[in-house]
Amino acid sequence: MARLQPVRGTHDILGDKAIRFRTIYEIFKQVAERYCHEEIDTPIFEFTETFKRTLGDTSDVVTKEMYTFEDRGGEQVTLRPEYTAGIARAFMSNGLQQSSPCKFYSYGPIFRYERPQKGRMRQFHQMDVEIIGVPEPQADIEVLALASDLLNALGIGAHITLELNSLGDPESRVAYRDALVNYFAGHKSKLSEDSLKRLEKNPLRILDSKDEGDRLLVENAPRIGDYYNDSTKKFFADVIGGIEDIGIKYKINDRLVRGLDYYCHTAFEFTTDQLGAQGTVLAGGRYDGLMEMMGGPQTAGIGWAAGMERLAELISEDILKNPQRPVVITPVGEAAQAPAMKMAHDLRADGIIVDMAYRGNVGKRMKRANKQNAVYAVLLGDEELSRGVAMVKNLDQGTQKEIELAELSAYLKGTNQ
RNA sequence: GCGGGUGUAGCUCAGUAGGUUAGAGCGCCAGAUUGUGAUUCUGGAUGUCGCCGGUUCAAAUCCGGUCACUCGCCCCA
């Protein structure tokens with residue numbers, strides 16, 4: 001048994017989970033296309049450099065969470081730990097500056113070597129949305145509207161809050177960062193061990209520390225809003241005004257931050273209190289500095305990613321489509337086997353969902369039909385064959401009726417609705 | 001990477017002053033009913049008690065290690 005275990009932090013998606021994933025994806029696709037986003041599917045691995053460059057050498061994701069290996073040609077490659085870097089790379093590789101702005105959506109597996117817990121896997125799945133090449137706040141508004149529409153379409157809007165912040169333009173952000181480092185450096189003795197490290201690597205992160213002592217310090221820490229310059233203020237006001245006009249509820253959280261340098265302006269998280277410690281269900285922000293950092297031309301970008309596993313836990317039963325019920329063909333006797341297979345094939349060609357009752361006596365086969373949640377069982381034996389009919393039993397009503405083989409498809413379709 | 005909890009049948013779980021053959025419900029299989037399911041009745045199989053080692057006359061039970069799951073921290077969707 002030991003060796004038949006899935007690798008730690010991975011899971012098989014089947015049954016109810018598969019239905020949930022598919023339902024969510026279909027709704028996502030529908031909503032995204034309504035916003036004129038196009039599908040993009042980038043490779044699940046890239047040169048390690050692509051992620052190192054963009055995420056920075058000090059981030060946790062790069063230093064300890066990446067699945068990196070050398071391929072047979074000696075290249076260092078990494079299973080994608082996030083979407084944005086790969087899509088930005090694709091944007092440049094394909095010369096899409098020419099057709100900018102671009103709006104993308106994508107869905108697939110993401111890999112991070114983390115300690116698994118509820119709502120956190122090593123291979124997990126994200127839906128992703130990006131708008132590239134639009135520096136205007138309209139992109140921020142649209143991307144937030146898309147997120148909000150998606151969560152509402154999934155029926156979980158009521159359990160989720162949008163937390164919103166602006167990290168400002170580079171000038172504002174640098175000014176704030178300096179003020180913050182300055183402030184915390186003056187209180188080093190009261191900072192938690194984790195936050196002392198953050199002070200070096202990622203001072204903004206101290207703001208969302210869960211340590212009690214840190215929180216007291218954070219209370220009196222400088223507020224980012226006080227460091228916005230005029231253009232940042234205007235940009236943020238435009239975003240807020242835009243989502244208010246649309247009727248999206250939000251909460252300003254000036255401690256919501258992003259560690260990486262290429263982030264600017266809008267940062268947001270849609271969170272829930274129903275998933276334990278992993279409350280963020282969808283998160284994103286603006287990354288106008290990213291392309292430059294990757295060696296391309298300065299290009300604006302904004303996007304978000306949503307965690308499939310977390311959403312799948314939240315959505316309620318009633319948005320799940322019931323699987324369509326099949327017709328089950330039950331041959332009786334050796335002579336009926338081949339004609340039954342042929343019948344199944346013909347009915348399927350007509351678009352009817354058909355399964356076979358493979359073995360056993362009639363009782364066994366009926367049992368199987370029932371277990372398959374079939375609408376009808378179609379009995380085909382010597383007697384029926386000789387007369388060119390099939391016995392069609394309605395399993396819900398327990399009634400049955402002989403149908404001419406030529407009429408069978410039409411009969412099943414006609415009453416199937 | 002750090003700390004806590006848990007690991008017994010396919011599933012949900014009983015089972016500790018260590019003691020003979022390890023249990024229940026659900027599910028599964030078979031029969032009652034060899035041309036009629038879902039109900040009912042009868043019967044059956046569930047298993048290296050996560051794995052390895054130690055203590056003991058004796059370990060599912062106690063101890064150590066290990067693996068997995070789980071909750072939290074870090075980080076993040």
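What you are looking at is a predicted structure, and each value in this text was computed from that prediction instead of being measured. All chains are named by letter (A, B, ...) in the order of the sequence lines, taking the proteins before the strands, and each is independently numbered beginning at 1.
As rounded to the nearest Å, B:C26 and B:A38 have P atoms that lie 16 Å from one another. Remark: the separation of the P atoms in B:A59 and B:G50 is 15 Å, to the nearest Å. B:G47 and B:A32 are spaced 26 Å apart, taking the P atom of each and rounding to whole Å. Taking atom C1' in both B:G1 and B:U8, the straight-line distance is 32 Å, to the nearest Å. A distance of about 36 Å separates the P atoms of B:A77 and B:G65, rounded to the whole Å. Taking the C1' atoms as reference points, B:C71 lies 32 Å from B:U55, given to the whole Å. Between B:A45 and B:A9, the distance separating the two C1' atoms is 10 Å to the nearest Å. Between the P atoms of B:A22 and B:U16, the separation comes to 16 Å (whole Å).
Taken from OG in A:Ser106 to CD in A:Gln126, the straight-line distance is 10.0 Å, to the nearest 0.5 Å.
Counting non-hydrogen atoms under 4.0 angstrom, A:Leu282 reaches the backbone sugars and phosphates but no base. Base engagement by A:Arg115 is indicated by at least one non-hydrogen atom pair under 4.0 Å involving a base atom. Backbone-only engagement by A:Lys367 is indicated by non-hydrogen atom pairs under 4.0 Å involving sugar-phosphate atoms exclusively. Residue A:Leu311 is out of contact with every strand shown, counting any heavy-atom pair closer than 4.0 Å. Counting non-hydrogen atoms under 4.0 angstrom, A:Glu384 reaches a base of the nucleic acid.
The phosphate of B:C29 (OP1 or OP2) has a side-chain N or O of A:Lys371 nearer than 4.0 angstrom.
Ring geometry for A:His125 against A:Phe21 counts as perpendicular: the plane angle is over 60°, on a 0 to 90° scale with 30° as the lower cut.
Donor-acceptor pairing under 3.5 Å is recorded for the side chains of A:Glu269 and A:Thr280. No hydrogens or angles considered: nothing links the side chains of A:Tyr262 and A:Glu292 as a donor-acceptor pair under 3.5 Å.
Partners of A:Glu384 by side chain to side chain contact (heavy atoms under 4.5 Å, CB included), not counting sequence neighbours, listed by chain and number: A:Leu380, A:Val389, A:Met391.
A:Arg198 contributes no side-chain N or O that forms a donor-acceptor pair with the base of B:C75 under 3.5 Å. Donor-acceptor pairing under 3.5 Å, judged by distance alone, is present between the side chain of A:Lys393 and the base of B:U36.
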